[in-house]
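First comes the structure, then the notes that go with it.
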Amino acid sequence: MALRDNIQSLLAQVQDMKANSADELEALRIKYLSKKGEITALFNEFRNVAPEEKRELGQMLNQLRQQAESRVNELREQFEAKKAEAERLDLTRTPDPIALGTRHPLSLVREEIEDIFARIGFTVEQGPEVEDDKHVYGMLNFAPEHPARDMQDTFFIEKEIGVQKPTDVLLRSHTSSVQTRVMTTRKPPIRVLCPGRVYRNEAISARAHCFFHQVEGLYIDKNVSFADLREALLYFSKEMFGAETQIRLRPSYFPFTEPSAEMDISCNICGGKGCSFCKGTGWVEILGCGMVDPNVLEACGIDSKVYSGFAFGMGVERITNLKYRVKDLRLFSENDVRFLRQFESC
Ligand code: DAH
């Protein structure tokens, strides 16, 4: 009898049912158990079965349907268990370390310089990086033909793109420009520190870069003397490089100070004995300084008969080289994390 054979063959198929995915399983359920499925079709045939066979075939059919349903359920449970396993959170796993950023060595040093001078009353002032000739050179007593203005040194800004016309807009080549901004807008006493980026048209190498950082200091009041300048710089040097540090001032020339000096500190790498860093001299130059030239005070609207002042300017890269023994200036702007990570704990 055809129905009996069909039941048996479907029973064999159903017992052997396998599925590789939840979708495959659903396809099997539809194939056998849906309204148009093969098992449902056999139930339809059952209506035509002779009464004497109804009891036995009816039992077989019910059994087939139960087997099919339980096999589908069994497979479904297996898939669900696998999925739950994959999704389960392992609360004992150690967390991924959170990558912390590090502060740039130049920022660390700049902030340290700011802190040291803050303790003797200096406040921080900023000025623009794109400046005009007047504030960078003119008011600072640079003669009109001074070589610092030369194209080789200063980056000039073209007013029209691609058109090289004489222009007085430029990228500041030193932070002394902030002095003139402060002096023209504030009345003495003035005690400011002006950190910032400066630009010079130089080929990039281990020792020079087309941009670097300076900190400018300016103190204007009644009766400010060269001795005050020396004491302020000695205090700074000892705070920055250690109490044993010594300084020496060598006569020098800057258009905006008179007298002018360059300051060396005893080499903090060899302690003054002489090494390759200080070229065997025991001293390293760290800044330029001097008494603000009366011409500069007058150009900025300050009465030079009443007020005097001192100024100094130092390179942040240079101080950082000394403090952290970085030998190549380019490292500061390459942003190689292997370099930057070394300052994590600073
Ligand atoms: N502006 C100078 C430079 O860029 C540094 C400097 C020297 C600043 C003497 C000063 C100073 O304020 O008094 O080389």
Side-chain angles (χ1 to χ4, degrees), residues 110 113-114 117 122 124-129 131 133-143 146-150 152-155 170-184 190-202 207-221 224-234 236-237 247-265 284-297 299-300 302 304 307-319 321 329:
R110 190 203 66 231
I113 299 170
E114 288 171 6
F117 280 102
F122 283 74
V124 172
E125 284 293 330
Q126 308 270 357
E129 291 180 19
E131 260 290 9
D133 182 277
K134 199 171 74 178
H135 287 91
V136 180
Y137 298 123
M139 293 162 92
L140 285 168
N141 205 29
F142 280 79
H146 194 284
R149 284 193 164 105
D150 206 300
Q152 261 126 60
D153 233 344
T154 308
F155 284 116
L170 45 87
L171 293 178
R172 67 179 178 197
S173 55
H174 57 178
T175 44
S176 304
S177 55
V178 190
Q179 282 189 31
T180 50
R181 296 235 161 233
V182 172
M183 283 191 273
T184 44
I190 292 170
R191 203 159 13 176
V192 292
L193 206 65
C194 322
R197 183 174 288 178
V198 300
Y199 301 82
R200 285 185 200 173
N201 193 356
E202 289 195 30
R207 309 176 124 256
H209 210 293
C210 59
F211 66 80
F212 53 98
H213 301 79
Q214 290 187 331
V215 174
E216 189 81 11
L218 176 70
Y219 177 35
I220 313 271
D221 204 347
V224 177
S225 70
F226 200 90
D228 296 325
L229 169 63
R230 189 185 177 282
E231 281 311 300
L233 295 179
L234 180 62
F236 164 73
S237 305
I247 63 168
R248 81 178 178 188
L249 290 157
R250 285 178 288 103
S252 184
Y253 172 77
F254 299 101
F256 37 92
T257 42
E258 181 57 37
S260 303
E262 279 169 325
M263 189 185 89
D264 301 337
I265 58 162
V284 275
E285 184 201 319
I286 64 161
L287 55 80
C289 60
M291 301 306 290
V292 179
D293 193 302
N295 288 343
V296 174
L297 294 174
C300 296
I302 293 174
S304 63
Y307 293 103
S308 56
F310 67 68
F312 57 86
M314 63 182 100
V316 182
E317 277 81 352
R318 179 121 187 100
I319 310 274
N321 287 347
L329 269 183

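Both ligands and their constituent atoms are indexed starting at 1 by order of listing.
Side chain of Arg172 to backbone of Val178: no donor-acceptor contact under 3.5 angstrom is found.
Annotation: the span from Arg191 atom CZ to Phe310 atom CZ amounts to 8.5 Å, rounded to 0.5 Å.
Ligand-side atoms of ligand 1 in range of Gly290: 13 (O), range being under 4.0 angstrom from any heavy atom. Heavy-atom proximity to Ser176, at under 4.0 Å, picks out these atoms of ligand 1: 1 (N), 8 (C). Every atom of ligand 1 is numbered from 1 in the order shown, and the set under 4.0 Å from a heavy atom of Gly288 is 7 (C), 9 (C), 11 (C). Shown in contact with Ala311 at under 4.0 Å from a heavy atom are these atoms of ligand 1, numbered in order with element: 12 (O), 13 (O). For ligand 1 and Thr257, the ligand atoms under 4.0 Å from any heavy atom of the residue are 13 (O).
Within the structure, ligand 1 has Gln214 among the residues with a heavy atom less than 4.0 angstrom away. Using a 4.0 angstrom heavy-atom cutoff, Gln179 counts as in contact with ligand 1.
Checking Val292, Asp221, Ile220, Val224 one by one against Ser308, the side chain to side chain contact (heavy atoms under 4.5 Å, CB included) holds for a single residue, Val224. Between Ser173 and the options Tyr137, Tyr199, Phe155, a side chain to side chain contact (heavy atoms under 4.5 Å, CB included) holds for only Tyr137.
For atom 12 (O) of ligand 1, the closest heavy atom belonging to the protein is Glu216 OE2, 2.5 Å. The protein heavy atom nearest to atom 11 (C) of ligand 1 is Phe256 CE1, 3.4 Å. Among all non-hydrogen protein atoms, the one lying nearest atom 14 (O) of ligand 1 is Arg200 NH2, 3.9 Å.
Aromatic rings from His174 and Phe256 are positioned such that their centres are separated by under 6.0 Å.
One finds a salt bridge joining Arg181 and Glu131 here, because a Lys/Arg side-chain nitrogen approaches an Asp/Glu carboxylate oxygen to under 4.0 Å.
Put simply, the side chain of Val215 does not reach to within 4.5 Å of the side chain of Phe122, judged on heavy atoms.
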